A.B. asks: 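Provided herewith is a single structure, encoded as structure tokens, for subsequent inquiry.
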Amino acid sequence: MAGLAHRRTLRHTDRSAKAPGTGQTRKGEIRLTESLPPIELTPPDIGPYRRGNTGIDHVTTLESGRPGPHAVIVSLIHGNEISGAVAMDRLFRMGLRPTRGRLTLVFANTAAYQNFDAERPYASRFVDEDMNRVWSPEVLDGPRDSAELRRARQLRPVFDAADVILDLHSMTADTPPLTLCGRTDRARALARRLGHPAWIVADEGHAAGRRVIDYADFAEADGRRTAILVECGQHWRDETALVALESAMRFLLAQEMIDPSLADRHIRRHPDPLRTVEVTEAVTAETDEFFFDQPYVGMEIIPRAGTVLGHDGSRPIVTPYDDCVLIMPARRPKSGQTAVRLGRIVP
Ligand SMILES: [Zn+2]
């Protein structure tokens, strides 16, 4: 049962509580509230990287002067996921240069990031909409406007010119780090070449819109370009930024774009074996009263089919098969949102 050592604290309150999502106060209500996780990381000042050298704010390309792939590392697609920015700041400060090809470093949703507030750390995830659901030509070329779409349209040429992408993210719960590789064999192979995170999740993406790793031909079976997303750990833990930096080093090493001796300084040994999970289904909340029976954090392996995980209103949610893996259970799923995805470990 991976990850259960880090159960989150849930506490009951019986004072006036603000109903989540409604903004209304209902006196005397008993409500389960979540305590805020500690904010160990300090958001770095990314002002010095704004001008960059590409003509696009907060996008910098480091040239080796030698032939090789164009690798792109992305942080802050979600403005509150600061570990990726911490790792990228460290890459800049160490004066990293690729030994072949070119490396582009992208701070993506900088407008949301500037709103980061340790008192309300979830609030700066985005300004208008989730920036990881807009990466299809229909949306990018369409008439809709938002802060995220304006920025996505600026960044699109960077991804059009990329051969390989590492997109750095983090998670709400204390979930072990994992790599999302979509459905292509080449992204799964790249995730394995990284060697860590130990969990590799092959998934379909989201009905609500395409992620960066699903953009253009990155997600097509016969495409040439490869993109993976690493969920480095809990959003605001020091450890998560270490995983982000390590993932960047492992990614560049896999592209043979850095000296192994440099990578070695940032790569730790991890005892856990690689495990690949294929997502088989998503559980979508049908009511606003969706509760898990346990404080699942994700990557738990539930041994028996038919185990009750929780309830959606009166509907029990049960595991469909033995050794079912829970992937990133939602903190507070609302009707229509994905509550959890379920998967099987494959060889
Ligand atoms: Zn994210």
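This one's a predicted model, so the numbers in the text were calculated from it and none came from an experiment. Side-chain atoms are counted along with the backbone in the values below, which use heavy atoms only and exclude waters and symmetry mates. Ligands are counted one by one from 1 in listed order, and the atoms in each one are counted from 1 as well.
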A.B. asks: Angle subtended at the Zn ion (ligand 1) by ND1 of H78 and OE1 of E81, to 10 degrees?
C.D. replies: 110°

A.B. asks: Please say which of E246, R269, H270 ends up in a side-chain hydrogen bond (donor to acceptor under 3.5 Å, both in side chains) with H196.
C.D. replies: H270

A.B. asks: What N/O/S atom of H169 is the closest to the Zn ion (ligand 1)?
C.D. replies: ND1

A.B. asks: Please name the residue in the list R224, R186, R225 that meets the salt bridge (charged side-chain N to carboxylate O under 4.0 Å, His left out) test with D217.
C.D. replies: R225

A.B. asks: Answer yes or no as to whether an N/O/S atom of E231 is found below 2.8 Å from the Zn ion (ligand 1).
C.D. replies: no

A.B. asks: Minimum heavy-atom separation for S335 and D288, please, with both atom names.
C.D. replies: N-OD1, 2.8 Å

A.B. asks: Is it possible for you to say whether I56 and L103 belong to one hydrophobic cluster, with membership spreading through side-chain heavy-atom contacts below 4.5 Å?
C.D. replies: no

